[in-house]
Every structure is written in C-alpha cells, then in structure tokens.
Amino acid sequence: MSNYGIREYKRQEKKRKKKLIKKRIFQSLVAVFLIVSFVGFDRVSEDENLITENEDNRLALAGEVEKSKENDLKDNGYVTPATDRGFEDVEIPSNLKIENDEYSDKLLSYVKSYDKLDAYSKPDENSKSYIKVEKGEYLKYYGTQDNYSKVKIDNKFYYVKSFGLGQIEDKNSFKVVNGVLFVDDTYYLPEDFDEKLDYTASQAATAMIQDMQRDGLSLSIASDKRSYELEQKLNESSQVDSDLPGHSEHQTGEAFDFYTSNDKYSDKFKDTDEYKWLKNNAYKYGFIERYPENKTNITNHKAMCWHFRFVGVENAIEIYQNDLSLEEYLKIK
C-alpha cells in the first residue's frame with residue numbers, strides 16, 4: 001500500500017472511531033434521560049395519589065387552606081433596610097407609628113395607610129411591585145422587619161414600607177386576638193372599612209358543603225360578606241339576621257349563614273340533619289357556631305343556629321373540644 005493509501009486508511013479509521021464514540025455518548029444520554037423520566041413519572045404518580053388522598057381528607061385540606069406562602073428572604077443574602085425617602089411629608093402621630101418587631105404567619109392587627117404605597121413581592125424595594133395601596137386603606141398586618149411591613153392583600157402576602165402605615169387609634173376598632181378579628185356590641189368595624197369575602201374561609205366552606213353532599217345532605221349559603229351600608233339597610237328594616245352596622249360579623253368577610261330548604265334565618269334549621277352534621281363536623285374545616293343557644297349570657301347576642309364563623313382549624317378545634325364560646329376562648333369577657 002502506498003504512503004498515500006496508508007494515510008487515507010488512518011484518516012478513515014480515525015473518522016470511524018469518532019463516529020463510534022459520538023454514537024455511544026448519544027446512547028448513554030438517551031439511557032440517562034429514560035431513567036430520569038421514569039423516576040420523574042413515578043414521582044408524579046406518587047404526588048397525584050397524594051393529592052387525591054388530600055382531596056378526601058378535608059381536615060388536612062382546611063389546614064392547608066389556612067396557610068399562606070411566606071415570601072420572606074430568609075436564606076438569600078442581606079436585605080437593605082427601607083429608608084423614609086418619599087415619606088418625609090407623611091404625618092403620622094408618634095404613638096401610631098409602626099415599629100420594627102418580627103414577621104408572623106398569624107394576623108397581628110390591622111393598620112391604615114397614610115399615603116400611597118408600593119406593595120412589593122419581597123421585603124426589598126428592588127423586588128417586583130405588583131399592586132398599589134391607596135391612601136386610607138385598611139390592611140391586615142403581620143409584623144415589620146427592617147422597616148418593611150408584611151401585609152396581606154387578596155389572600156397574598158406583600159411588603160410595604162412602614163413609614164406610610166399607622167396603627168389604628170381607636171382600641172375598640174379592629175380588635176384582633178389570637179389571629180381572629182373579633183366583633184361584638186363593644187368592638188366594631190368603621191364605616192369606611194369594606195373587607196372582601198375571605199378567600200380561605202370561602203374555600204373551607206366550599207369543601208365542607210361538598211363533603212356534606214357526599215353524605216347525602218344539602219346545604220346552601222343565605223349570606224356571607226356584607227358591607228356597612230347593606231348591614232345598615234337590613235337593620236333598619238328589622239331583618240332577623242341583622243346587627244348594628246359596624247358590629248356585624250358579616251363585615252369581616254368570614255361569617256356564613258346556612259340553610260336548607262324552608263328554614264332560612266329560622267330556628268327550624270336546628271332540627272335538620274344538616275345542622276346536626278355541622279355541630280359535629282364544622283370545626284374540622286375551621287368553623288364554629290358563633291351564637292349557640294347555651295352561651296347567650298356570654299355572647300350577649302341572641303342565638304342564631306344558622307350563623308357560623310370561620311376562625312381557623314386550630315382555633316375551632318380548641319373551641320369545639322372545650323365547648324367554649326369565642327368570647328371564652330379569646331378571654332375577652
């Protein structure tokens with residue numbers, strides 16, 4: 001074989017080996033991909049089974065519904081404390097200014113905005129600002145760190161600069177104990193407060209009604225969230241379920257009136273299987289009978305067997321197991 005032929009043979013042999021190596025690498029990658037896909041599919045299958053199981057476990061569901069995503073920057077670097085730039089002209093009484101404390105998962109109080117505010121996704125003014133808070137709005141408050149206050153708006157946590165917020169001056173307004181907004185004949189909500197239907201409470205009520213249907217029962221909602229104006233009209237017309245405007249639990253967005261067929265706002269509801277089911281199971285979803293017949297001397301409110309209040313699963317379990325009124329549980333009276 002000539003020198004040229006030898007060189008050509010070596011070149012072809014080298015080329016063939018490269019192709020072989022590439023082929024083997026490709027086959028290896030395909031094998032790895034198939035293994036990962038199989039493991040992932042198996043994991044997804046397990047997750048789907050877990051989701052299905054959770055759908056049938058309404059106590060667990062209600063507990064999960066009550067939780068909200070925490071957006072705090074706990075592990076990823078240092079957050080620069082907020083400055084009062086842009087808030088120099090905002091006048092907040094010194095006794096109402098927000099102080100740094102700690103973030104909480106539980107509602108601590110309500111606060112009021114004294115200026116327009118940016119609501120950030122994280123406690124950092126360089127993070128995304130999703131919405132604007134208008135001056136005069138009332139916000140659910142969950143603590144302050146580095147001059148960023150954690151608030152909840154439409155069931156999501158946001159962070160606003162504390163320099164534009166102030167505490168509620170009237171101590172009889174927005175009474176919050178153990179994460180529960182408390183309303184009665186003493187503690188009230190102001191006329192300009194217009195809370196939406198609470199998302200967590202609504203989801204828990206939906207889950208509860210669906211489970212009742214599985215047991216062959218039928219439950220409907222006669223009333224949930226009401227505005228100050230609506231409560232005022234109902235009270236003026238002497239509706240059986242009305243309270244003084246500002247003193248109605250319906251204005252919290254967490255109270256529900258239930259009924260079946262012909263027992264709306266009636267003591268007849270107490271004789272139904274649906275009411276008996278609620279008495280034994282509502283606490284699993286975070287609800288309590290707010291004005292039971294045997295607690296009128298403590299609640300100072302007429303009995304309403306149809307009126308249930310969402311207080312969260314943990315609170316509801318304690319109230320149910322110890323046969324307490326909300327006043328007794330929160331140690332308000």
Side-chain angles (χ1 to χ4, degrees), residues 66 68-73 79 81-125 127 129-184 186-201 225 227-228 246-247 249 251-254 311-312 330 332:
E66 194 177 2
S68 298
K69 272 191 171 182
E70 176 57 74
N71 294 319
D72 298 347
L73 297 178
V79 176
T83 66
D84 62 355
R85 186 177 69 250
F87 295 93
E88 295 87 353
D89 298 329
V90 178
E91 297 183 3
I92 302 176
S94 58
N95 63 315
L96 299 181
K97 289 184 177 180
I98 303 296
E99 302 292 338
N100 285 308
D101 40 35
E102 291 184 359
Y103 291 143
S104 171
D105 291 325
K106 183 180 292 186
L107 177 66
L108 299 177
S109 64
Y110 276 75
V111 293
K112 188 173 185 178
S113 61
Y114 277 69
D115 198 4
K116 287 188 176 181
L117 303 171
D118 288 306
Y120 302 105
S121 60
K122 297 177 181 179
D124 180 357
E125 64 181 331
S127 67
S129 176
Y130 287 98
I131 57 176
K132 298 280 186 181
V133 175
E134 296 299 322
K135 182 178 180 180
E137 283 192 40
Y138 296 102
L139 301 171
K140 293 180 177 180
Y141 175 75
Y142 293 80
T144 298
Q145 290 181 197
D146 296 321
N147 299 323
Y148 288 102
S149 295
K150 179 181 174 182
V151 298
K152 185 180 271 189
I153 305 171
D154 294 338
N155 199 52
K156 294 182 180 179
F157 284 127
Y158 296 94
Y159 298 85
V160 299
K161 291 186 177 182
S162 61
F163 306 106
L165 296 178
Q167 300 177 38
I168 305 300
E169 185 171 14
D170 189 344
K171 299 306 177 184
N172 283 349
S173 182
F174 292 106
K175 180 74 171 179
V176 175
V177 183
N178 202 31
V180 177
L181 177 58
F182 183 83
V183 178
D184 69 351
T186 299
Y187 299 106
Y188 71 97
L189 299 173
E191 185 173 353
D192 58 346
F193 174 70
D194 188 19
E195 184 66 293
K196 297 179 181 178
L197 177 62
D198 184 84
Y199 176 83
T200 305
K225 189 268 174 190
S227 65
Y228 185 99
H247 296 269
E249 283 205 326
Q251 291 171 241
T252 68
E254 298 177 332
V311 295
L330 300 179
I332 290 181

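Throughout, residue positions are numbered sequentially from 1 according to the sequence presented.
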For the pair [X] and [Y], find out whether any cationic side-chain nitrogen is under 4.0 Å from an anionic carboxylate oxygen.
X    : Y    : answer
E137 : K112 : no
D194 : K225 : yes
K152 : D105 : no

* Quick one: closest heavy-atom pair of V133 and A119, and the distance? =>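 Residues V133 and A119, closest heavy atoms: CG2-CB, 4.4 Å.
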* **Heavy-atom closest pair, residues L117 and F87** =>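 Closest approach of L117 to F87: CD2-CE2, 3.3 Å.
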Is any side-chain heavy atom of [Y] closer than 4.5 Å to one of [X]?
X    : Y    : answer
D154 : Y199 : no
Q145 : D101 : no
V151 : F157 : no
Y158 : I131 : yes
T252 : F182 : no
D118 : K132 : yes
I98  : Q167 : yes

* Asked: Does the side chain to side chain contact (heavy atoms under 4.5 Å, CB included) test come out yes or no for E125 and K161, once each step is laid out?
  -> CA-CA 9 Å; E125 64 181 331; K161 291 186 177 182; 2.9 Å; yes
* To do: Starting from the C-alpha separation in whole Å, work towards a yes-or-no answer on side chain to side chain contact (heavy atoms under 4.5 Å, CB included) for I168 and S109.
  => CA-CA 9 Å; I168 305 300; S109 64; over 6 Å; no
* To do: Give the ring-plane orientation class for Y148 versus Y120, where under 30° counts as parallel, over 60° as perpendicular and anything between as tilted.
  =>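 Perpendicular, since the angle between the ring planes exceeds 60°.
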* Asked: Should N147 and N100 be marked as a side chain to side chain donor-acceptor pair (under 3.5 Å) after you check the CA-CA gap, both sets of side-chain angles, and the distance that decides it?
  -> CA-CA 6 Å; N147 299 323; N100 285 308; 3.1 Å; yes
* Determine, step by step, whether L139 and L165 satisfy the side chain to side chain contact (heavy atoms under 4.5 Å, CB included) criterion, reporting the C-alpha distance in whole Å, the side-chain angles of both residues, the deciding distance to 0.1 Å, and the verdict. => CA-CA 9 Å; L139 301 171; L165 296 178; 3.9 Å; yes
* Is the gap between the ring centers of Y142 and Y103 under 6.0 Å? ->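 No, the ring of Y142 stays outside the 6.0 Å limit from the ring of Y103, centre to centre.
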* Asked: Does the ring center of Y138 lie less than 6.0 Å from the ring center of F174?
  ->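 Y138 vs F174: aromatic centres under 6.0 Å.
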* Verdict with supporting geometry, E195 and K140, side chain to side chain contact (heavy atoms under 4.5 Å, CB included) -> CA-CA 10 Å; E195 184 66 293; K140 293 180 177 180; 3.2 Å; yes
* How far apart are the C-alpha atoms of S149 and T144, what are their side-chain angles, what is the distance that settles it, and do they pass the side chain to side chain donor-acceptor pair (under 3.5 Å) test? -> CA-CA 4 Å; S149 295; T144 298; 2.7 Å; yes
